[in-house]
2 protein chains.
Amino acid sequence: MVELNSRRRAIEDVASELFRAHGYAATSVRDIARALDIQGPSLYAHVASKENVLWAIVDRTAGRFEGAADAAIGAASGDVQATLAALVRAHARVITEDVGSAGVFIHEWRALTGERRAAVLERRDAYERRFRELIEAGIATGDFEMTDPAVAAFAILSALNGIPGWFRPGGRLTTDRVADHFAELALRMLQGDTR
Amino acid sequence: MVELNSRRRAIEDVASELFRAHGYAATSVRDIARALDIQGPSLYAHVASKENVLWAIVDRTAGRFEGAADAAIGAASGDVQATLAALVRAHARVITEDVGSAGVFIHEWRALTGERRAAVLERRDAYERRFRELIEAGIATGDFEMTDPAVAAFAILSALNGIPGWFRPGGRLTTDRVADHFAELALRMLQGDTR
DNA sequence: CCTACCGATCGGTAGG
DNA sequence: CCTACCGATCGGTAGG
């Protein structure tokens, strides 16, 4: 069981990186196998299909985003600004901690079909709603400057979701610094008055 | 000649939408042909290869971004804030005016190979540099609040590049309203002090 | 985890 | 712009 799970996890890790770099459709089962030094068909001893591998990555990563957001909201003290900052920091950290799977979740969920695709869309909408409703609440209390909450939420989330495109682990910026920067920028965006 | 060009343009428009919706690798030459009500091989009377179609879309769209940025900087009066607002508005409008080709430019350039891929990367870097250097200049003059210019530039551009993911032409927001919102949010982000 | 192999589909060509 | 067709590669199976 440990054997099986660790092998599956290795497959998902390798696939995450390939899917992120080249896209799901442009990555063949044999590409994944080659990165693991096994033959293409041998992969099917561990997984039932290529789409199942994508699903495993997307589902697990969706759970990481949701769990991090839950923890951030739970730990916050009811202060709208602090809650938003915690939410942004949590999202940034989920990405920087594993750029591969985060990139796949953000861009490759479209390759899923049927119920799985619909389920991801629903979870993504619910996740985005948390940001939007928090922004709406902040505007209502006067903590945030007036703005279109939907546009602001999309702007913040898109800015965060662009991180895999430029962040390099071990590079100039640490995981924490990136999270700090984005929390700061998001708060400025919602509070600043243009002089 | 007019015939040829208009036919090529129709191919690019149809391909833009398919590449944006499903990705370049997941879109077959026959998919493009079907959307034009012709047979797959007939497409090769107008284009030399599938990658050439992608290249035509990416190259033209890159030019539209660059041209819009040139015009925005040229029209601005030297005021750093106004210049950044104009740059952001221009970028937003290029996207909302043609979500298909913009989405392809933003996400599918990775499918290009060799020199074309390298050329796009170089142009993209030069384009990003304009944002970064303008932010650096604004910080130096005190017009913008202190921040990491690279992170701020990536945040603004990623926020803008997320527009194809949610903007629906003919929907609640017009092209101009979206441009206004993003210019406002970008300025707030760079000017606001967190209280 | 391997070799041998399957049907389907891919981008593209020949010849009209 | 069409039909007929090509070699290559795809995801996946059989049988060990």
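Every chain is numbered from 1 and lettered A, B, ... according to where its sequence line falls, protein lines coming before strand lines. In this text the structure is predicted, and so the values were computed from the model without any measurement.
Between B:S101 and B:R64, some side-chain heavy-atom pair lies under the 4.5 Å cut-off. The closest side-chain heavy-atom distance from B:W166 to B:L173 is below 4.5 Å. With a 4.5 Å cut-off on side-chain heavy atoms, B:F167 and B:I95 do not count as touching. A:Y24 has its side chain out of reach of A:H107: every pair of non-hydrogen atoms, C-beta onward, lies at least 4.5 Å apart. At a threshold of 4.5 Å between non-hydrogen side-chain atoms, the residues A:F19 and A:I32 count as touching.
Rounded to whole angstrom, the span from the CG atom of A:L54 across to the P atom of D:dG12 amounts to 12 Å. Taking atom CG of residue B:N52 and atom C1' of nucleotide C:dG11, one finds them 13 Å apart after rounding to whole Å. Between A:L43 atom CG and C:dC1 atom P there is a gap of 9 Å when expressed in whole angstrom units. Look at CZ on B:R8: it is 17 Å from C1' on D:dC1, rounded to the nearest Å. Counting to the nearest Å, the C1' atom of D:dT9 and the NZ atom of B:K50 are 13 Å from each other.
An angle of 0°, rounded to 10°, separates the two end axes of the helix from C:dC1-D:dG16 to C:dG16-D:dC1, each defined over five pairs.
Under the side-chain hydrogen bond (donor to acceptor under 3.5 Å, both in side chains) criterion, B:D31 pairs with B:S28, B:R34, not counting sequence neighbours.
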Under 3.5 Å donor-acceptor pairs involving side-chain atoms of residues 111-121 of chain B, not counting sequence neighbours:
residue, atom, partner, partner atom, Å
B:T113, OG1, B:E51, OE1, 3.3
B:T113, OG1, B:E51, OE2, 3.1
B:R116, NH1, B:N52, OD1, 3.0
B:R116, NH2, B:N52, OD1, 3.0
B:R117, NH1, B:R110, O, 2.7

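For residues 149-173 of chain A, the set of pairs meeting the salt bridge (charged side-chain N to carboxylate O under 4.0 Å, His left out) definition, not counting sequence neighbours, comprises A:R172-B:D148.
Contacts between residues 10-40 of chain A and DNA chain D, defined by a heavy-atom separation under 4.0 Å, are made by A:T27, A:S28, A:V29, A:R30.
Test A:R60, A:R123, A:R130 against A:E66 for salt bridge (charged side-chain N to carboxylate O under 4.0 Å, His left out) and you get one pass: A:R123.
With salt bridges taken as basic N to acidic carboxylate O contacts below 4.0 Å, one links B:D13 and B:R9.
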Walk me through whether A:N161 and A:H91 qualify under side chain to side chain donor-acceptor pair (under 3.5 Å). CA-CA 9 Å; A:N161 288 341; A:H91 191 96; 2.8 Å; yes
Shorter than 3.5 Å, N or O on both sides, protein versus nucleotides 14-16 of chain D: list them out with atom names.
none

